[in-house]
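One structure is given here, and the rest of the page talks about it.
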Amino acid sequence: MTKDINELFTKGKDFLDIYSKVAEFSKELMEENRKLQGRINELIARREAMLASGGDEQESGLMRRLEELKKEKQEILNHYRQVEEENKDFLHRYMEIETENNNLANLYVASYQLHSTLDLKEVLEIITEIIINLIGAHAFGILMLNEKRAVLEPVKAEGIPIEALPTVRIGEGIIGKVAKDGETYYRDPADKPLPTDYSHPLVCLPLKIKEETIGVIVVYKLLAQKAKLVKVDYDLFNLLAAHAATAIFSAKLYGDSVRKQATIKGFLDLLTH
Amino acid sequence: MGHRVLIVEDSPTMRQLVAFALRAIPDLQITEAVDGLDGLKKAQAGNFDLAIVDINMPLMDGLKLIGILRQDPKNQRIPIVIISTEGGVETKRRAEALGVNAYITKPILSGLVYKTVKALLEGEEAGGGEK
């Protein structure tokens, strides 16, 4: 029994020692905390005083530098935006020049080919090639003026049988009116479709030498992948209106002169032999 | 040494336009064939780096010509560009099955032809073409 009391007493003493140590440690912590709080207050007061007096020399230098860098950054950003705009402008101009180059290439080749022969059949073939390959038409025809009958007669057709093309009186319907007035007729393929007969073309182009119309080109349908006519197509139609007409006219004159020359030669041969 | 290109096209206008479009590629040697059969003869006789082929041509159409070229050990790997009025999906699928590298539908833009051919000659994918 005495032994148990002694053990209990010893444990109580140990507990008292630990408690004393904890109390002492807590006291130390409280003291340390108080000191740190004092230090923080001191630093806050110092900072506020510095800010109120404009900071020391080094800090104001750094602030100035910071402002300069901010300004520089803004200038660089402005310059970057300006260059970006210029790039967009250059890209736009590049695309315009490329389109112009494409158009000029087409016009150059069309013009070159139209005047590359004096054979009427070949000239008509070249006109056909230009309309298919450079404009992208699927169904079209060429009608030439028969002056004696005052009608336009089909001489060439592509994508449609030539027999299907009408013979048109000057001044009659869209085609006849184009031949009479010499003004090109265009209809937007996206517009409300007109009756599907050959008197309602998509495009009707007069072939003119000065003010005289010698024939017309009638386009009825574009290639499936060609949704509408674009600027170069109108340029090509304008080129065809003038150059195709002169090419056909020259080829006809040349053909006539060759025939007449052959006749005269035959006649002379008859006289001299 | 420059590249050699074979243009197989029955239309003189198109041959001139394609040749005109490619004029900016340095040292390019162009050989023209007026139909499929002429194209086959020239392809077998020559040594070309690229062929531009139309589809609708007299004597032999372009797809048949390409089929024969793809069986020919000499020409089976050359890049082929089709330039045609045929814009249908089925024709394009047939061309793709024959190993055509680019397909351009008419009416053509000379800039597109130039970019497509240049890219293929430089061993790149035909970024400019429709395929």
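Just so we're on the same page: letters track the sequence lines, and every chain starts at 1. If you're wondering where the values come from, they're calculated on a predicted model, not measured in any experiment.
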Just wondering, are more than 12 heavy atoms of other shown residues or ligands nearer than 6.0 Å to [atom1] in [X]?
X: Glu84(A); atom1: CD; result: yes
X: Lys74(B); atom1: NZ; result: yes
X: Lys177(A); atom1: NZ; result: no
X: Glu96(A); atom1: CD; result: yes
X: Tyr112(A); atom1: OH; result: no
X: Arg70(B); atom1: CZ; result: yes
X: Phe20(B); atom1: CZ; result: yes

Legend entry - Minimum-distance pair of heavy atoms, taken over all atoms of Gln113(A) and Gln16(B):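 Nearest heavy atoms, Gln113(A) then Gln16(B): NE2-OE1, 2.7 Å.
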
Inset, instruction - Go through the atoms of Ile108(B) and report whether side chain, backbone, both or neither lie under 4.5 Å from a heavy atom of chain A. - result: backbone

Legend entry - Glu98(A) with Lys115(B): basic N within carboxylate O range, under 4.0 Å: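 Yes, charged N to carboxylate O under 4.0 Å.
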
Legend entry - Residue part contacting chain B, namely of Asp233(A), when any heavy atom lies under 4.5 Å: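 The answer is neither part of Asp233(A).
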
Inset, instruction - Would you mind checking which part of Ala224(A) comes under 4.5 Å of any heavy atom in chain B, side chain (CB onward), backbone (N, CA, C, O), both or neither? - result: neither

Legend entry - Side-chain donor-acceptor pair present, Ser110(B), Asn102(A), cut-off under 3.5 Å: yes

Inset, instruction - Give, for atom OH of Tyr114(B) and atom CG of Asn101(A), the distance between the pair rounded to the nearest 0.5 Å. - result: 11.0 Å

Inset, instruction - Could you grab the distance from atom CG of Leu134(A) to atom CE of Met14(B), nearest 0.5 Å is fine? - result: 7.0 Å

Inset, instruction - State, with a plain yes or no, whether a side-chain heavy atom of Leu17(B) is found less than 4.5 Å away from one of Asn133(A). - result: no

Legend entry - Heavy-atom side-chain proximity of Pro107(B) to Leu223(A) below 4.5 angstrom: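 Contact flag for Pro107(B)/Leu223(A) side chains = yes.
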
Inset, instruction - Return yes if some donor-acceptor pair links the side-chain N/O of Gln225(A) with the main-chain N/O of Thr85(B) below 3.5 Å, else return no. - result: yes

Inset, instruction - Mark yes or no for whether Glu129(A), through its side chain, and Thr13(B), through its backbone, hold a donor-acceptor pair below 3.5 Å. - result: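 Yes, Glu129(A) side chain to Thr13(B) backbone: donor-acceptor pair under 3.5 Å.
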
Inset, instruction - Pick whichever of Asn106(A), Val232(A), Ile130(A) has the most heavy-atom pairs under 4.5 Å with chain B. - result: Asn106(A)

